[in-house]
Each structure stands twice: as structure tokens, then as C-alpha cells.
Amino acid sequence: MSDEIKSGADGSANGNYEVLHAKSPVFFDQYERKSDLQHQTHYCPGCGHGVAHKLIAEAIEELGLQDRTVFVSPVGCSVFAYYYFDVGNVQAAHGRAPAVATGIHRSCPEKIVISYQGDGDLAAIGTAEIIHSANRGEKIAVFFVNNAIYGMTGGQMAPTTLVGQRSTTSPWGRRVGNEGFPLHMAELISTLEAPVYVERVALSDNKNIMKARKAVRKALELQRDGAGFTFVEILSPCPTIWGKDPVEARKWVGEKLTPVFPLNVFRDRKPEPVVGAAPPQRLVSEVLEISAKDASVSVQAGQHAHHFKDFTIKIAGFGGQGVLLLGQLLTEMGMREGLEVSWLPSYGPEMRSGSAHCHVCLSKERIGSPLISHPDVLIALNEISLRKFASQVSPGGLILYNRDNLPTDFAMPQARVICLPASEMADKLGSMKVANIVMLGALLEETECLSPETALRVVETKIKKVDLIEVNRQALAVGRNFVDNQVRVGAVSQPDGFAY
Ligand SMILES: Cc1ncc(C[n+]2csc(CCOP(=O)(O)OP(=O)(O)O)c2C)c(N)n1
Ligand code: SF4
């Protein structure tokens with residue numbers, strides 16, 4: 001990708017003029033996240049997304065906002081905006097970009113947060129999110145790329161599809177009696193009180209692209225000034241799905257889309273002073289209930305030697321066995337010991353009795369994905385989980401199984417197995433509920449992945465009922481002792497570990 005092309009036969013400026021094509025530094029030099037063709041975008045020729053991206057990148061650059069910008073990309077053809085923009089990037093679930101942007105801006109108010117969305121994303125699945133974020137006056141810039149169709153999925157009807165326009169889901173053309181009228185999002189948003197700036201522009205010709213450029217810049221300027229919610233609707237060509245060449249498609253924006261979606265500044269005003277107090281901002285340590293006392297323990301616990309770069313644990317059982325809670329305890333312990341952590345729960349609609357599992361990563365480095373294919377440890381709280389997940393455990397990994405023995409017909413996996421009747425042990429302590437804490441004790445004793453002192457502290461913070469704290473302490477100790485005794489005594493040792 002060359003930054004500069006000089007005119008003239010000899011390759012240098014010919015004295016009359018010099019043509020410069022500069023790539024905004026807000027775009028990456030090379031699109032390394034793409035597997036091939038890393039010098040070009042994934043968009044079709046003539047697609048409006050590329051132009052909209054360029055206008056946004058230029059405005060970010062001109063306003064000097066690159067280091068402060070977080071770009072929330074949608075689901076749709078622009079799902080991969082993070083391939084291109086060298087800013088903070090988050091990719092939101094379909095339609096949820098304004099909600100994600102809200103969270104980002106509220107927790108990092110100094111950031112310039114962009115929600116970039118197509119018409120299927122914003123005006124169909126995400127109608128609630130856009131209306132409510134606009135109504136709350138969130139300080140985010142929304143760029144709404146309206147190409148009157150679902151591009152990415154092959155041309156289904158969008159809320160903005162024109163009356164009579166054919167799509168794969170309206171093959172005879174959109175009929176008002178059946179599919180209703182096109183939604184005019186800019187007009188809708190401008191009926192709300194909070195938004196400060198709402199404009200519709202079109203990528204139909206150079207003159208209108210220059211107007212779009214100004215609108216994009218203005219929206220970002222207002223974000224820089226902390227003014228409030230800004231919304232720019234960009235009528236945009238989708239040559240591929242419309243079945244037109246890029247030139248025809250651009251013309252179609254001007255001739256067909258613009259009459260239905262008139263270009264206008266619908267709102268441009270100073271924000272009203274906010275009535276009522278802003279919601280209280282609480283410290284993260286307060287929200288997590290980490291007191292000064294806990295913080296001092298976490299410094300001590302931070303001295304625990306972690307004999308791993310990363311350590312992954314899968315916990316599985318029935319809902320109600322404390323599967324998810326055990327995962328949360330481990331991640332909180334990891335956090336307090338200064339590790340990167342992630343916790344990914346998975347459970348059915350049932351609150352109790354259905355199967356549940358969660359993935360926990362503890363790492364000294366940033367975690368790429370919270371999903372674990374081959375855990376170092378499986379904690380199987382029931383037989384179904386053992387049968388389902390044992391084969392996933394990394395060779396040389398560990399399985400903690402909540403029974404005296406493995407099922408007789410169970411093929412030994414390539415992992416060490418410790419069978420401990422955690423539920424029975426918990427029952428003897430007076431509460432079946434602490435079987436998960438017995439397992440935690442066994443895990444800590446066997447792997448030394450985290451410090452038992454941190455475990456105690458976290459359990460004490462999490463358990464609200466004072467009379468339950470003692471039984472949890474005992475459960476932790478019982479789990480640790482079980483492993484300790486077995487190892488010391490040598491128990492029934494098997495060639496591939498100790499299963500008994
Ligand atoms: C929850 C969910 N529902 C549906 C889909 C399928 N889906 C992916 S993109 C898309 C529509 C995208 O259209 P639009 O927002 O107009 O963006 P464009 O591709 O035209 O830029 C749909 C329905 C999905 N990925 N997730
Ligand atoms: S399908 Fe349409 S919106 Fe998607 S990249 Fe191609 S031209 Fe752009």
C-alpha cells in the first residue's frame with residue numbers, strides 16, 4: 001500500500017502538479033488479521049462501508065482522537081471493522097453495539113466511543129438498544145450505514161428496504177400491507193429529547209460525500225466536547241446485493257434512496273442541563289467487595305509462586321452443585337494473586353438439575369480466548385460430566401472426580417485421576433453444598449495453582465452467612481487433607497497416575 005503516488009512520466013512531480021494519495025494513519029498499514037490480501041479490505045468493489053470507514057478514519061485523525069477512540073463494530077458486512085481501524089476495538093453481538101458502547105463510555109468517560117451499525121443490525125434486531133441509548137443521551141457517536149438491505153446474509157429485507165424493492169424475503173417487492181413502511185431512523189431518533197445531533201447524509205456523489213465527511217467530523221467533535229448522543233445516518237450503496245455496478249449503485253442512492261430518506265439535519269442543539277444527580281460512581285474494589293484488609297492479603301498472596309504460564313480448568317456437574325460458583329471463586333482468587341483470569345459459564349435454561357459447566361483460565365499473560373478445548377484440569381462433579389469431558393483433558397492433566405471410584409466400564413484417559421467422594425465428605429460436614437469447596441481444597445493441594453490463604457480469604461468474602469463460613473473452611477481443609485494423605489501414603493498408585 002503506497003502512501004504517495006507521484007504523477008509525471010519519470011515518476012516524479014512534473015512541475016505542474018503532484019497527486020498525493022494518503023492513507024489515514026488511523027488505518028493499519030497492513031491488515032494482518034486477514035488471512036489473505038492483507039493490503040485490501042474485505043468489502044465488495046463500490047461498497048459504501050469502505051467510504052464510510054475512510055471518512056471516520058480521517059475525522060479521527062484530524063481531531064487527534066486516535067488514542068482515545070474505541071470502535072464498536074456490529075454484526076453485518078462491517079463486522080470486521082477491527083481489521084482496519086488502529087484504535088480500541090470491540091465487536092458486539094448483533095444489534096447490541098449501542099449497549100456495549102454505553103458500557104464502555106460509562107466506565108471510561110474519557111474515551112470517544114463509536115457505535116457503527118448497518119440497518120439490519122440497528123433498525124431490526126437492535127431497535128431497542130438504539131432507541132434507549134439515544135433516549136438516555138449516552139455520550140456515543142452512532143454511524144448508521146443504511147443500504148436498505150441485509151448485505152452480509154445475502155439480501156433479506158431490512159426495515160429500511162423501500163416499498164416495492166425486491167429482496168430474498170420479499171421476492172415480489174416490499175408491500176406495505178404485508179411488511180409495513182420503511183423505518184426512518186433519523187426522524188425517529190430526532191423525536192427524542194436527549195440527542196444533540198442527528199443528520200442524514202448520502203454517499204451518492206462527491207458533493208454529498210463531502211457533506212457526509214462534515215457530518216462525521218461534527219459528530220466526533222461533539223463527542224470530543226462531551227456533548228451527548230450523536231447519530232449520523234449514511235445512505236450507502238450495496239452494489240453486490242442490489243445487482244448493480246458500483247457507478248449505478250451510487251446513482252441509485254441519489255435517485256431512489258434519497259427521495260424516501262431525505263437528507264437533513266434533524267437535530268443540532270446544545271445539550272440540556274441534566275436534571276437530577278448522576279448515578280453514583282463506585283470504585284471497582286467496592287463493587288467486588290474487596291476491602292483494604294483483602295487488598296493486603298492479596299499482596300501476600302501475590303507472592304505465591306505460580307508454576308505455569310497458563311492453567312486451565314473445566315468444572316462440570318449438575319446445576320445446584322456450585323459448578324459456576326467454584327469457577328468464580330477460582331477466577332477471583334487468580335485476580336487477587338495478580339493473574340489474568342477468565343470465566344466462561346455454560347448452562348441450560350434450568351436453574352437446578354440441568355447440566356452446567358464453566359471454563360476458567362488463569363494466566364500470566366493476556367488471555368486470547370476464554371474457551372478451553374483441552375483443560376489442564378477437569379473437576380467432574382458427576383458421572384455424566386466425567387464421561388463427557390474426560391477425553392478433552394490434556395495428556396498429563398488431572399481429573400478430580402466426585403466419587404470413590406471410577407465407573408467400571410470407564411476407559412482410563414491419558415490423565416491422572418483422583419477420585420474423592422466430595423459430596424459425601426461435604427455431607428458429613430453438615431452441608432452437601434460445600435462439595436465444590438472440598439474439590440477446591442483438593443485442587444489446590446494437588447496442583448498448587450493458587451494459594452490456600454487466598455482461597456480462605458475469597459471464601460470468607462463471598463459467603464455472606466457467618467455460620468456457613470466455618471463449614472466452608474472445614475470443606476477446604478478436608479479436600480486438602482484428602483489429597484495430602486493419599487499422596488503421602490502413596491495410596492493405590494496406578495501406572496498412569498493414581499486412580500483407586
Ligand atoms: C442473533 C443473530 N441473528 C441473525 C444473525 C444473522 N445476520 C448476520 S448479519 C445480518 C444482517 C446484517 O445486515 P445489516 O445490518 O444491514 O448490515 P450489512 O451487512 O448490510 O452491512 C444478520 C441477520 C446473526 N449473526 N446473529
Ligand atoms: S454485500 Fe453489500 S454491504 Fe456487504 S460488502 Fe458487499 S457491497 Fe458492501
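First listed ligand is number 1; within each ligand, the first listed atom is number 1. Side-chain atoms are counted along with the backbone in the values below, which use heavy atoms only and exclude waters and symmetry mates.
- Between K23 and D29, at least one side-chain nitrogen of the basic residue sits less than 4.0 Å from a carboxylate oxygen of the acidic one, meeting the salt-bridge criterion.
- Using a 4.0 Å cut-off between a side-chain N of Lys or Arg and a carboxylate O of Asp or Glu, R174 and E179 do not qualify as a salt bridge.
- Protein neighbours of ligand 1 below 4.0 Å, counting non-hydrogen atoms: H49, V75, G76, C77, H94, G118, D119, G120, D121, I125, N147, I149, Y150, G151, M152, T153.
- The pair R200-E187 counts as a salt bridge, with a side-chain nitrogen and a carboxylate oxygen less than 4.0 angstrom apart.
- For atom 8 (Fe) of ligand 2, the set of protein N/O/S atoms nearer than 2.8 Å consists of C47 SG, ordered by chain and number.
- Summarising the geometry, atom OG belonging to S391 is positioned 9.5 Å from atom CG belonging to L378; distances are rounded to the nearest 0.5 Å.
- Under a cutoff of 6.0 Å and an axis angle of 45°, K34 and Y83 do not form a cation-pi pair.
- Salt bridge status for R269 with E193: absent, with no side-chain N to carboxylate O gap under 4.0 Å.
- E332 and K462 are joined by a salt bridge, as a carboxylate oxygen and a charged side-chain nitrogen come within less than 4.0 angstrom of each other.
- Relative to the six-membered ring of Y197, K218 meets both conditions, a distance below 6.0 Å and an angle of at most 45° to the axis.
- With salt bridges taken as basic N to acidic carboxylate O contacts below 4.0 Å, one links E58 and R213.
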